[in-house]
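Here the structure comes first, spelled out in structure tokens, and everything after it is commentary.
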There are 4 protein chains.
Amino acid sequence: MPKNVDHEQRREELLAAVWAVIARDGLEKATIRSLAKETGWSSGVLAHYFADKDDILASALRLALERIEERWDEKLAGLTGLAALRELVLDNLPLDDDREQETRFLMNYWSRSIRQGPSEDEHTWRRGPLLVDRLAALVAEGQEAGEVVGGDPNDLAERLLALIDGLSLHALLDPQRVTRERQVALAEQELGRLSVGQSQGERR
Amino acid sequence: MPKNVDHEQRREELLAAVWAVIARDGLEKATIRSLAKETGWSSGVLAHYFADKDDILASALRLALERIEERWDEKLAGLTGLAALRELVLDNLPLDDDREQETRFLMNYWSRSIRQGPSEDEHTWRRGPLLVDRLAALVAEGQEAGEVVGGDPNDLAERLLALIDGLSLHALLDPQRVTRERQVALAEQELGRLSVGQSQGERR
Amino acid sequence: MPKNVDHEQRREELLAAVWAVIARDGLEKATIRSLAKETGWSSGVLAHYFADKDDILASALRLALERIEERWDEKLAGLTGLAALRELVLDNLPLDDDREQETRFLMNYWSRSIRQGPSEDEHTWRRGPLLVDRLAALVAEGQEAGEVVGGDPNDLAERLLALIDGLSLHALLDPQRVTRERQVALAEQELGRLSVGQSQGERR
Amino acid sequence: MPKNVDHEQRREELLAAVWAVIARDGLEKATIRSLAKETGWSSGVLAHYFADKDDILASALRLALERIEERWDEKLAGLTGLAALRELVLDNLPLDDDREQETRFLMNYWSRSIRQGPSEDEHTWRRGPLLVDRLAALVAEGQEAGEVVGGDPNDLAERLLALIDGLSLHALLDPQRVTRERQVALAEQELGRLSVGQSQGERR
DNA sequence: CATGAATGAGTGTTCATTCAT
DNA sequence: TATGAATGAACACTCATTCAT
């Protein structure tokens, strides 16, 4: 009777180490050897559970994206319109160590994708489309509820997404200038602009 | 009797080739050999004029940033306030092939910078501080002229910068969704919001 | 209570799969994994029934040689002298797909044997001695019957064997030049030379 | 001014080591590392002078074949017909250490070719066509001179080639049985058969 | 008896770096 | 000053082998 190993579970265990290495050291430091070392297993075990290095990296991303989506679902449960929008925006900024790691992790793939051109798995590789759609839906919801100012929901969402990722990028590049508090403040300003009632606030 | 070679000039000549390779083939295709081949010199010459590969890449970035600043100076010459702001924002989006290459080039360094933590040359490695300061100055200028809505100029600039880089990122990641036209439209929307007179446009 | 497994029978079953893989894909494609896959068993089972990979390959050869000898016995049953000689020569040429596979299979071992020097199992590894002795015996038989021309039977046999293996080699190396028809024709020519009555045919 | 290395000469120097390793240890022991060790250089130097491992092996073969042809030209200079044929046959048997090494070397490629199917360089990979053509030409020449018995020169040559390679193979596989003296004797018998006057000798 | 998880050495290849010329 | 020969470590990947279950 063979050693009983749950393949899927083992894969996830390994991918957790992959995630850690990539977020900490970057995609180019993520060699088979360094990944194996991080997992605590030998390098051969990675060959066992994944087809090749590309499969490892793609699987790590896929798992990360799945978990992010699950987190969104949890956080947005019970919320609608502007409140949900606010939650989603703030959830996607690197406001704590975990999400900073997450951003760092994802940024590696963005950069890779830009460098190498989209790979065949590209559609699973990008949270962009997923997030922008959610944002647009919530904007539209908020508009219907009279909470959010007018305008094309897709455009508003796209600008929100740009703000989120631009801010995330700058937070990692220059944490001194773009502190976590600053990110929150800037995000709140933007959300304020979108809110029907408060939109005059900043304006004076 | 040494040949009279202007080191600085030769370095710039070499860096131009480096730039070309990186923008064309990406950072990971930029091997010493490929760079040497592009310059037309032997690989040893790169060792001569630069400490190591990192020095080459950092120097290429430094040069690129200098040239970008020069371009800003040219483009903004004679413009002030909102008009200058508009010019600066649009100049920093990847709206033509050259600037797309430029964005790609810079993005390579951002991801490197994020990975490795700030290097000693860090201050020269980031256009962020430079650009955000210019943006803030122009916002303030516009506010004084009554063209731009109120609010902390630094915050407004920071949000503009986030929009610029977020949009740039998405334009490279998903050129289908974020076309050049769309970038312009979104940037104009944002500028419209900042303009005193037009700010109500989108609102209702 | 161990399952009742006939070791020898199981080994032969496994070796049949080994043979199939080697003849089909060549010796270098014969990895433990590919062999295991072909057998339908796990890789561990091969480790169970054989000492190591070398043992697997040597055993496969031994089995193949045994089967070849059995085939000789069948084919030569009832034949003597020149007729038997003719049968034996033609039987050892790669004149159909099965025997081509067989030749390929054996050739893999020849080159191995040449490389590594004779192994301890060497005597079982070579059909040469076996075949040349049979050939010599049949030549002598034919000479006694007055069917075969004179000369040292061992020398005649050795030359016949060289022809057989040289032709086999060339048939695999250059099937265009040394077709199956050509092999038969050449073998018949050689046999004709050995025949007492027909030996003048080609001559003048 | 660069270190002045004659590329072609260095390649030949390296290929001599390649030749030695292959003839001694076989094609599968010929790893980049073992080859480098034999040359006395580091492994990187092989990458310098050859595109990849295939290029190394193919170049080694090509060089060997060129040298063999040159040797033929030298040995056959001034000879014609049967005398030349005799020289060529005997030259292609592993009758001394050098030619034994040569045979061992070539046999590795034959075996590889059989295993893997012909590669794209295949036409340069086989001495068969070259040698068989020379043999056929000399047979025809001998026939015209009345030295050689009748029959299709191509068939006679093909049988001679089979004898040569079959004998070479057996000499390496079983040097005890097929000694160098025996090879000469067997070759002479075959040549005797081809000779017009002596062909009756062995017969009675 | 049988499994397949795990190991780790070995493969071809790439590449930054050094340095004699 | 400039060359490119040479080094050797690092890479992804393959595979025979071991062994807990």
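The analysis underlying the following values was restricted to heavy atoms, covering all of them including side chains, and did not include hydrogens, waters or symmetry mates. Below, chains carry the letters A, B, ... as their sequence lines are ordered, and counting in each starts from 1.
Distance check: C:Ser113 OG to C:Leu106 CG gives 11.5 Å after rounding to the nearest 0.5 Å. Within the model, atoms CG of D:Leu61 and OH of D:Tyr109 stand 5.5 Å from one another, a figure rounded to the nearest 0.5 Å. Between B:Ser111 atom OG and A:Leu169 atom CG the span is 9.5 Å, to the nearest 0.5 Å. In this structure, the separation between CG on A:Asp55 and NZ on A:Lys53 is 13.0 Å, given to the nearest 0.5 Å.
Atom CD in C:Glu13 sits about 13 Å away from atom C1' in E:dA2, given to the nearest Å. Rounded to whole angstrom, the span from the CH2 atom of D:Trp41 across to the C1' atom of F:dT7 amounts to 11 Å. Rounded to whole Å, atom C1' of E:dG8 lies 13 Å from atom CG of A:Leu46. Put simply, NZ on C:Lys37 is 16 Å from C1' on F:dC15, counting in whole angstrom units. A straight line from CG of A:Leu35 to P of F:dC11 spans 10 Å, rounded to a whole angstrom. Distance, A:Lys29 NZ to F:dC11 P: 10 Å, rounded to whole Å. Put simply, CZ on A:Phe50 is 15 Å from P on F:dA12, counting in whole angstrom units. The distance between atom CD1 of A:Ile56 and atom C1' of F:dA12, rounded to the nearest whole Å, is 10 Å.
Contact check, D:His48 against F:dA6: no side-chain N or O comes under 4.0 Å of OP1 or OP2. The side chain of C:His7 contributes an N or O atom lying less than 4.0 Å from OP1 or OP2 of E:dC1. The shortest distance between the side-chain N/O atoms of C:Arg10 and the OP1/OP2 oxygens of E:dC1 is not below 4.0 Å.
Nearest-nucleotide assignment on DNA chain F puts the 5′-proximal partner with B:Ser42, out of B:Ser42 and D:Gly40. Toward the 5' end of DNA chain E, the nearer of the two residues C:Val45 and A:Val45, judged by each one's closest nucleotide, is C:Val45.
When both distances must be under 3.5 Å, the Watson-Crick or G-U wobble mate of E:dT3 is F:dA20.
Panel note: side chain D:Arg112, backbone D:Leu27; no donor-acceptor pair is recorded below 3.5 Å.
Side chains of A:Glu102 and A:Trp19: no donor on one and acceptor on the other come within 3.5 Å. Judged by distance alone, the side chains of C:Glu13 and C:Trp41 do bring a donor and an acceptor atom under 3.5 Å apart.
As judged by a 4.0 angstrom heavy-atom cut-off over every strand, B:Tyr49 is placed among residues touching the sugar-phosphate backbone only.
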*With the sugar-phosphate defined as primed atoms, P, OP1 and OP2, and the base as all remaining atoms, what B/S/- string results for nucleotides 13-18 of chain E, 5' to 3', for protein heavy atoms under 4.0 Å?*
BBSBBB
